[in-house]
Amino acid sequence: MNDTELDYYIEAGKAAKYVLHKCAAEIKPGVSLADIFDMVLDEFEAKGVHHSFPPNISLNECAAHDAPSPDDERVFAEGDLVKLDIGTHVEGYIADTAVTVDLGDHAKLCEASQNALEAAIKMVKPELVVSEIGKVVEETITSYGYKPIINLTGHALARYDLHHGLSIPNTGLFGNGVLRLDNAIAIEPFATTGTGMVHESGRAEIYQVVNDSPVRAPTARKIMSRAEEMKGLPFARRWLNVPKAELALPNLVRLGNLYSYHCLCDVPESFVSQFEHTIIVTEDEPIVTTR
Ligand code: MN
Ligand code: MN
């Protein structure tokens with residue numbers, strides 16, 4: 001990685017960190033999900049950085065990929081456990097970072113994933129097999145009496161590419177990939193009171209272009225042209241502003257033009273916490289761009 005690339009990663013990370021903490025502080029009972037979603041985007045603009053994916057605001061048993069729908073009226077409630085997961089990029093160099101905001105009594109559950117992340121970061125070095133990270137994440141979370149979510153992982157980052165090859169597991173059970181010098185990675189432990197596995201729920205608010213083959217229907221064409229402004233990065237249904245988009249989106253997914261990110265949830269009435277940082281692998285101490 002050259003110095004310019006590293007500077008972009010660091011700039012993206014610094015902005016993401018600032019915006020994450022500023023917006024997380026505004027998550028309170030009565031505030032709407034849409035307000036926080038829009039606030040993140042306004043703050044990115046004020047900092048002069050782009051979003052690399054729509055802010056994810058996932059509640060309680062849902063771990064990831066929720067975002068307000070175009071007509072969303074949900075507000076945070078007393079007792080909610082809120083994951084705010086946001087991403088910036090500068091010239092395509094991405095920062096991906098998340099915190100959990102506890103509006104209830106889930107302090108220990110939050111501590112479990114936060115300490116798992118800190119323990120994982122301490123291990124990061126070239127040639128480390130990623131299952132070693134997963135093992136430490138799993139041990140930390142289980143020491144609190146919770147389960148890690150084993151079918152969600154961290155990931156490597158590349159320019160304009162949020163999930164590039166390598167996955168960083170939250171369990172020691174799998175992961176034979178190896179960290180290399182200069183890798184940019186996101187580590188994101190999830191701790192749960194539920195089963196330790198997420199499934200797709202009915203909601204899909206986040207999409208991504210995977211194939212730009214021409215489509216005929218006018219609504220589908222409008223969606224594809226809006227979607228392509230995102231340079232292959234994920235976008236929110238909320239951003240489309242295309243009438244009747246909700247009818248055309250499932251078709252575009254079936255045709256293979258779009259990928260849909262469904263909300264990923266553990267079982268009802270469980271609670272999930274998550275923390276995430278973006279990290280550059282160096283010969284010495286890793287660089288945590290979002291801390
Ligand atoms: Mn994230
Ligand atoms: Mn991530």
Side-chain angles (χ1 to χ4, degrees), residues 9 12-21 23-24 27 33 36-37 40-41 43-44 49-59 62-67 81-90 92-101 110 113-114 116-118 120-121 124 130 133-134 137 148-171 175 177 179 183-192 198 205-208 230 232-236 259 261-265 272-281 286 288-291:
Y9 271 121
K14 218 171 150 187
K17 171 204 167 170
Y18 172 85
V19 174
L20 183 70
H21 292 283
C23 296
I27 295 178
L33 277 72
I36 297 298
F37 183 93
V40 170
L41 299 168
E43 291 291 337
F44 284 170
V49 295
H50 303 279
H51 51 81
S52 50
F53 56 85
N56 286 208
I57 307 174
S58 307
L59 302 179
C62 290
H65 297 170
D66 201 354
L81 192 61
V82 184
K83 278 69 64 184
L84 179 63
D85 188 341
I86 68 172
T88 55
H89 79 81
V90 175
Y93 297 93
I94 293 170
D96 180 3
T97 184
V99 291
T100 300
V101 178
C110 293
S113 52
Q114 190 161 26
L117 174 58
E118 292 305 322
I121 290 170
V124 168
V130 295
I133 294 178
V137 166
I149 292 183
I150 64 170
N151 61 342
L152 288 175
T153 68
H155 45 97
L157 300 161
R159 197 175 184 202
Y160 291 110
D161 189 355
L162 193 55
H163 292 101
H164 184 77
L166 192 66
S167 293
I168 321 259
N170 290 319
T171 169
L179 298 184
N183 277 170
I185 56 170
I187 301 182
E188 47 186 312
F190 293 81
T192 179
V198 289
E205 298 295 344
I206 300 173
Y207 295 83
Q208 186 171 13
M230 282 300 299
L233 290 167
F235 64 91
Y259 179 80
Y261 291 91
H262 285 254
C263 295
L264 297 171
C265 304
V272 176
S273 72
Q274 173 211 18
F275 284 83
E276 179 176 21
H277 276 307
T278 295
I279 299 139
I280 312 280
V281 182
V288 183
T289 67
T290 48
R291 183 153 66 192

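Source: prediction; values computed, not measured. Remember, it's 1-based here, ligands and their atoms both numbered in the order they're listed.
- When rounded to 10 degrees, the angle formed at the Mn ion (ligand 2) by OE2 (E276) and OE2 (E188) equals 90°.
- The two atoms that bring Q274 and E188 nearest to each other are NE2-OE1, 3.1 Å, heavy atoms only.
- Within the coordination shell of the Mn ion (ligand 2), defined by N, O or S atoms under 2.8 Å, H163 is absent.
- Side chains of T100 and S273: a donor-acceptor N/O pair is absent below 3.5 angstrom, by distance only.
- Residue D85 approaches the Mn ion (ligand 1) most closely through its N/O/S atom OD1.
- For H155, the N, O or S atom closest to the Mn ion (ligand 2) goes by the atom name NE2.
- Contact annotation: D96 places an N, O or S atom under 2.8 Å from the Mn ion (ligand 2).
- For the cysteines C62 and C265, the sulfur (SG) atoms lie within a distance shorter than 2.5 angstrom of each other.
- Ion pairing of E276 with K83 is absent here, as no side-chain N (NZ or NE/NH1/NH2) approaches a carboxylate O to less than 4.0 Å.
- Using a 4.5 Å cut-off on side-chain heavy atoms (C-beta onward), N151 and N170 make no contact.
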